[in-house]
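Worksheet: the structure to be examined is printed underneath.
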Amino acid sequence: LCSNPARFIPGATVHIVPFNADGTQNGEGAEVVGPLAKQLDETVRLICDKYLPDISTAKAFTRKVPPQEAIREAVANALLHKDYSSGVPVRITVSPQQLSIQNVGAIPEDWTVEDLVESHSPRFRNPVLAATARLLGITRGWGEGIGAMRDGCNQAGADLPHFELSSDRTTVAFPLPSTKR
């Protein structure tokens, strides 16, 4: 929550990398640094105002992209549940097929994707960070992020996010509507 957490904790940043449909990198990515609230706000702004419009500005596309609130919840979850001892930044990739938000840090060992998407009590990797973020109004609640993402996508007519879990990372992938670009 300090002005430059990466100074004290390596990898306490967010990397955004754009890709073309063929999997090649599309131009310069961005590194978002600063306090947690700034990282969250700036990351969501870049995704919604720069990277998604770079894919397409067609009405059919913009009506079906995940809503800003769903993207915000996914980024907040990645930042709050990240394993900060790894030294690895939150990684976000944007391609014409999907928006992917990945953090090093697995969900509880005994959970499946089904457990994650169903209503559940919160389990924090970083309980002090989560409590502080809630008190400062950076996040709105505990254990509500996945439901908020899914509800937001349903209401916007966007495809629901997919969740990929491994022993060392968690990925939220929002499918994007096809484009003719």
Side-chain angles (χ1 to χ4, degrees), residues 13-82 88-105 107 112-119 133 137-141 143-166 169-181:
T13 62
V14 176
H15 285 184
I16 306 172
V17 184
F19 286 93
N20 294 311
D22 65 4
T24 59
Q25 191 168 333
N26 179 6
E28 289 291 316
E31 180 177 24
V32 182
V33 298
L36 184 73
K38 180 184 176 209
Q39 285 186 42
L40 177 58
D41 292 342
E42 182 67 10
T43 299
V44 172
R45 186 193 66 74
L46 283 169
I47 292 168
C48 294
D49 295 347
K50 180 179 192 255
Y51 293 106
L52 290 178
D54 279 355
I55 295 170
S56 178
T57 56
K59 286 183 183 177
F61 178 83
T62 57
R63 279 195 302 253
K64 293 281 192 174
V65 297
Q68 184 171 330
E69 270 307 305
I71 294 169
R72 182 178 174 79
E73 286 292 337
V75 173
N77 277 353
L79 287 166
L80 293 173
H81 295 292
K82 172 183 162 21
V88 178
V90 168
R91 179 175 166 87
I92 298 175
T93 58
V94 185
S95 73
Q97 295 85 13
Q98 74 178 10
L99 165 64
S100 176
I101 300 165
Q102 182 181 89
N103 69 305
V104 172
I107 63 169
T112 64
V113 171
E114 292 76 27
D115 295 324
L116 183 67
V117 300
E118 298 205 359
S119 183
I138 296 169
T139 60
R140 61 182 166 163
E144 300 173 8
I146 303 295
M149 279 183 248
R150 293 170 57 86
D151 290 346
C153 287
N154 272 331
Q155 291 172 7
D159 290 334
L160 293 177
H162 302 280
F163 300 90
E164 300 167 19
L165 311 174
S166 73
R169 69 181 177 277
T170 303
T171 304
V172 179
F174 291 95
L176 297 176
S178 63
T179 62
K180 302 273 182 181
R181 198 169 197 194

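It should be emphasised that the depicted structure is a prediction, and the values quoted were computed from it without experimental measurement.
Gln25 places a side-chain N or O within 3.5 Å of a backbone atom of Gly27 that can act as its donor or acceptor partner. Under a 3.5 Å cut-off, the side chain of Asp22 and the backbone N or O of Thr24 do form a donor-acceptor pair. Judged purely by atom type and a 3.5 angstrom limit, Lys38 has no side-chain atom pairing as donor or acceptor with the backbone of Val32.
Remark: Ile92 CD1 to Leu46 CG distance equals 9.0 Å, nearest 0.5 Å. Interatomic distance, CG of Leu52 versus OG1 of Thr57, reported as 12.0 Å (0.5 Å rounding). The CD atom of Glu42 sits 12.0 Å away from the CD atom of Glu31 when rounded to the nearest 0.5 Å. Interatomic distance, CD1 of Ile16 versus OG1 of Thr93, reported as 10.5 Å (0.5 Å rounding). The line from CD of Glu69 to CG of Asp151 is 12.0 Å long, rounded to the nearest 0.5 Å.
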Inset, instruction - Dump the intermediate steps for side chain to side chain contact (heavy atoms under 4.5 Å, CB included) on Val17 and Arg91, then the final yes or no. - result: CA-CA 8 Å; Val17 184; Arg91 179 175 166 87; 3.8 Å; yes
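Residues Val90 and Val75 form no side-chain contact, since every pair of their non-hydrogen atoms from C-beta on lies 4.5 Å or further apart. Side-chain contact between Val65 and Phe174: absent, with no pair of heavy atoms (C-beta onward) separated by less than 4.5 Å.
Closest of all the heavy-atom pairs between Ala173 and Gln98 is CB-OE1, 3.4 Å. For the pair Ala70 and Cys153, the tightest heavy-atom approach, listed with the atom from each and the gap, is CB-SG, 4.1 Å. Residues Lys50 and Glu28 approach most closely at NZ-O, 4.4 Å, considering heavy atoms. Closest heavy-atom contact between Val44 and Arg72: CG2-CA, 3.7 Å. The two atoms that bring Pro175 and Pro161 nearest to each other are CD-CA, 4.2 Å, heavy atoms only. The shortest heavy-atom contact between Ile71 and Pro66 is CD1-O, 3.7 Å.
If you run side-chain contact (heavy atoms from CB on, under 4.5 Å) between Val14 and each of Thr43, Leu40, Asn103, only Thr43 comes through. The only option from Val172, Thr170, Ile146 that meets the side-chain contact (heavy atoms from CB on, under 4.5 Å) definition with Asn77 turns out to be Ile146.
In terms of the side-chain hydrogen bond (donor to acceptor under 3.5 Å, both in side chains) criterion, residue partners of Gln97 (sequence neighbours excluded) are, by chain and number, Ser95.
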